[in-house]
Amino acid sequence: MGTDAKSVRAIDPQGLPKHFDAESAEKRWDGEWQSRGTYRYDPARSREETFVVDTPPPTVSGSLHIGHVFSYVHTDVLVRHQRMRGKNVFYPMGWDDNGLPTERRVQNYFHVRCDPRAAYEAGLELEPATAKLRKKPARLISRPNFIELCHRVTQMDENAFKELWRRAGLSVDWSLEYATIDQRSRHLAQLSFRDLFEKGHVYNSDAPTMWDVDYQTAIAQAEMEDRPTPGAFYRIEFGVDGSERAFTIATTRPELLPACVGVTAHPQDDRYRALFGKQAITPLFRVPVPIFPSELADPEKGSGILMVCTFGDATDVQWWRDEGLALRQLVGRNGRLSPVSFGSEAFPSRDAEAANRYYAELVGKGVAAARQGIAQLLRDPAGSASGAAAPLQGEPEPIEHAVKFYERGERPLELVPTRQWFVRLLDKKAELLAKGEQVRWHPPFMFARYRDWTENLQLDWCISRQRYFGVPLPVWYPLDREGNPDYANTLVAEREQLPVDPTLDVPKGYDASQRDQPGGFAGESDIFDTWFTSSLTPQIGSHWLLDPERHRKLFPADIRPQAHEIIRTWAFYTIAKALLHENSIPWKHAVISGWVLDPERKKMSKSVGNTSTPMPLIERYTADGARYWSASARLGSDTALDEKVFKNGKRLATKIFNAGKFVLTQSAQVHPVRDELDRAFVAKLRALVERATGSFDDFNHAQALAATESFFWSHFTDTYLELAKLRVRDDGPGAAAGRGSAVAALRLGLSVLLRLFAPFQPYVTEEVWSWAFAQETGEPTIHRAPWPGEADFAGIEPPADPDSFDVAAACYGAVNKCKADAAMSMGRELEHMAVAANRATLAKLEPVLADLLGATRCRACERRERADLEDGVFEILDPRFAP
RNA sequence: AGGCACGUAGCUCAGUGGGAGAGCACCACCUUGACACGGUGGGGGUCGGCGGUUCAAUCCCGCCCGUGCCUACCA
């Protein structure tokens, strides 16, 4: 605002709509922003001027819910604020489309299954499966066909997300769109593997691994969860050489009895000390196994003595390794008991014939069925030559215990020895913790999630998956003369060769004819854990090794927004990657949103079926209304879906629209902000700007919104605007200057408030901004206008009395509170106050108050007592005169 | 079982070492010229409980209760 008086042309009220039509404004402005490139990142500007967002690529598995809007709006609010602070914002959007959720969606959508052995069908066109079709067995299609369908489905899903994001007003730079399955992501993921390989951080090994028997793939520790599951303790008698019934073990997995490779108890357990060093004989199968002491055995659990099987749980694996026990793998990759032959070297038995007879009852069964089967055998070993009593002691005792599941799986995980690739992390806990501490977490207590997970990490990161839709591991294995792979001398694709598909491409030094031939090579068919790729999102944005100069400008990122339940996966792996690749942190700030809870305070999730679709909410309450609800929640705190808050947000947008209309339709010779009341208002406004800016600096957008909103309603519309009305309408002699000062302050107030609201309600603020300020300031969009600050208040004198505004507000409040018939006494009371208050301030307010008192006629107040008036006035003003 | 967070009006939530707040809902009143998608006024709370520190505690400390989440828990 200039200091000279100038004429401001009022907007013609006739030219403005009566009501804010949010829906058309949303479509119109979204189109404008896209066509004008309002949110474009400028690669020419320096790192210091740039604000880099490591946007979460949403998992594109089909269904959108309001939780998506919630957390992404938090990010967008921060981003919009940074942009107005003058930052060159890098705000990409990615789609996490590779991996199991997509595969599962494709399987359901088309009712198909991938069969890697099937032949490719060129031009295969499938329609979404009908209910009728679903009753038939799923159609088997080739891996390339399956991947084609994955791409087709993700394309549809991505379009749906994009429509939502744009409607919700996310200020994403859509030229920076990517997918975790696209060419660049695949390239970078394979480069990442190559880099880790060169640095010695990855290895492959054939070892018992957590295995999902339905998906038939290995999974990582981070993807496991414990679920309370009903089970039962089976008490089973074991023999020892020379004694048929020497001791009783307790187990919840009797079906693994044929896989028993040892027996152990605590070394101090007097009940069993005499047994150590002897051979136990398993019942039914009569397999001799060593009895050894172990500190890990808990005398309190079960009977204190237990069988070690390959493999019932992680402790079994440890005993198996430490004691050098035999491997008797029973559960196959499909979760069924594999055929084995007792009496062989691997499965010795004192009575092989009986053992095989028993096992014939179990072979081919799933784990659960086998458990029932063996329980029956243990209870009644019909045909037992010895005629001995049943090995099962009593009836199984039902218990509920924690069982490990794949988070997306339906059956318990099994430990199955398979060859897998791992990233070595267990020896880097200290470095991982140090990097985690360098990141600033918002809210800070979220760091505890990261710390706890890192400290308790048990396994290296298993990164290979036996699935289809993902990034292939860029490796081959040389085949020896017998055609056996040499895993110790893996052929990793050269950097220049990447990206590759080892099932199609050929390693350096070989030609295609040598594929799967003795002396030739075999291509790896595994793909990466999807986190292996998505842990590179900062590098996918920066292009990393593909464009080192760009990388320097975009890495590390400024913020990583994400949900708290994936701190152990996404945040953890991203930090790990940045550490291993560049000894860096991936971002400076981790910004953690809470969850959306349903009205019963349950987490919204697809499986529970309590999700809300966002589009209808946006249509009912407008995008600005939905954003208001999102932004009202602090970071990290879970929030109930409450339509009342949406409604309030819509109401705020309406009020902004109407207040804007009023202010901008006032014409005047605009004078500098000159009068005491106006200067007092500006001082308040200035304090608000400081407050809101400080809140944003603290990543507390909710506080910034609350402060701005409260100021807007109570100070701006309810008080200042009402006080100003009387002055802008004053046609009396000498009123022009006062009117000018008032209009100048009104316009300044509107301009500042619009900008403070812009990150939260981008549509209505843009709409009002466009009426006059866009042209006056030369900033065509409010979203690139400068964040309010000292420049807005330059040349405006502070008020003579810092409390003037409050006095005026109190007087106005008092006038509203009491009634016109008290006007005479008001005058007296004010005079009384003036003695103690600032006489000069009051003198300036007097004309205003006189106007007010003259103008106010409130019939409702007429019933009020004179005493109430006095009490009311003193009540309001009393704190000011308190000792 | 450990860790973290939360517990404030009927609901959703702010907030602070010194007067207990907002919005919605409810009640009464007002079609005033930006706005009835509005305005004015009102009722309603031992700030989860018990101790402690302090002149003073809803706020700081301890214990307990309740809720949610994260870890751990397959003999």
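Below, all heavy atoms of this structure are taken into account, side chains as well, without hydrogens, waters or symmetry copies.
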Looking just at side-chain N and O atoms, do [X] and [Y] make a donor-acceptor pair shorter than 3.5 Å?
X: A:E237; Y: A:Q393; value: yes
X: A:E709; Y: A:Y628; value: yes
X: A:W319; Y: A:T264; value: no
X: A:W595; Y: A:E565; value: yes

Which of the following nucleotides, [options], is nearest to the side chain of [X]?
X: A:K647; options: B:U40, B:C35, B:C24; result: B:C24
X: A:T654; options: B:A5, B:C37, B:U12; result: B:C37
X: A:F445; options: B:C73, B:A34, B:C4; result: B:C4
X: A:W453; options: B:U12, B:C35, B:U71; result: B:U71
X: A:E722; options: B:U12, B:A34, B:C37; result: B:A34
X: A:W595; options: B:C4, B:G3, B:C69; result: B:C69
X: A:M210; options: B:U71, B:C74, B:C35; result: B:C74
X: A:A640; options: B:A34, B:A72, B:U12; result: B:U12
X: A:R651; options: B:C74, B:G39, B:A34; result: B:G39
X: A:T252; options: B:C74, B:C24, B:A5; result: B:C74

What does [X] touch in the nucleic acid at a heavy-atom separation under 4.0 angstrom: a base, only the sugar-phosphate, or nothing?
X: A:D316; value: nothing
X: A:A659; value: base
X: A:A633; value: nothing
X: A:F233; value: sugar-phosphate
X: A:K661; value: sugar-phosphate

Tell me: [atom1] of [X] to [atom2] of [N], nearest whole Å?
X: A:L652; N: B:A22; atom1: CG; atom2: C1'; result: 13 Å
X: A:F405; N: B:C74; atom1: CZ; atom2: P; result: 14 Å
X: A:F662; N: B:G33; atom1: CZ; atom2: C1'; result: 9 Å
X: A:F311; N: B:C74; atom1: CZ; atom2: P; result: 16 Å
X: A:L413; N: B:C74; atom1: CG; atom2: P; result: 14 Å
X: A:F716; N: B:G39; atom1: CZ; atom2: P; result: 14 Å
X: A:L750; N: B:C35; atom1: CG; atom2: P; result: 16 Å
X: A:N648; N: B:A14; atom1: CG; atom2: C1'; result: 13 Å

Between [X] and [N], is there a side-chain N or O to OP1/OP2 distance below 4.0 Å?
X: A:R449; N: B:U71; value: no
X: A:K404; N: B:C73; value: yes
X: A:R451; N: B:C70; value: no
X: A:K18; N: B:C35; value: yes
X: A:Q221; N: B:A72; value: yes

Could you tell me how far [M] sits from [N] if I compare only their [atom1] atoms? Round to whole Å.
N: B:G21; M: B:G42; atom1: P; answer: 12 Å
N: B:G7; M: B:G48; atom1: C1'; answer: 6 Å
N: B:C30; M: B:C13; atom1: C1'; answer: 30 Å
N: B:G68; M: B:C73; atom1: P; answer: 22 Å
N: B:G10; M: B:A1; atom1: P; answer: 33 Å
N: B:C37; M: B:C69; atom1: C1'; answer: 38 Å
N: B:C61; M: B:U54; atom1: C1'; answer: 12 Å
N: B:G51; M: B:C59; atom1: P; answer: 13 Å

Intra- and inter-strand pairing of RNA chain B, written as dot-bracket with Watson-Crick and G-U pairs under 3.5 Å and | for the latter, reads (((((((..((((....[..)))).(((((.......))))).....(((((..]....))))))))))))....

Starting from the 5' end of RNA chain B, give me the residue, A:K655 or A:E709, whose nearest nucleotide shows up first.
A:E709

Of A:T717 and A:N700, the one whose nearest nucleotide on RNA chain B sits closer to the 5' end is A:N700

Given the options A:R634, A:H74, A:H442, A:S593 meets side chain to side chain donor-acceptor pair (under 3.5 Å) only with A:H74

Using only atom types and a distance under 3.5 Å, with no angle test, would you say the side chain of A:Q329 pairs donor to acceptor with the backbone of A:V416?
no

Does A:Q221 use its side chain to pair, donor to acceptor, with the backbone of A:L459 at less than 3.5 Å?
yes

Below 4.0 angstrom, N of the basic side chain to O of the carboxylate: do A:E643 and A:R620 qualify?
yes

Charged N-O contact under 4.0 Å between A:R253 and A:E414:
yes

Is the NZ or CZ atom of A:R328 both under 6.0 Å from the centre of the six-membered ring of A:W320 and within 45° of that ring's axis?
no

Between the side-chain atoms of [X] and the base atoms of [N], is any donor-acceptor pair under 3.5 Å?
X: A:D226; N: B:C73; answer: yes
X: A:Q458; N: B:A72; answer: no
X: A:K650; N: B:C37; answer: no

If I compare all heavy atoms of A:C309 with all of A:L256, which pair ends up nearest, and what's the gap?
SG-O, 3.5 Å

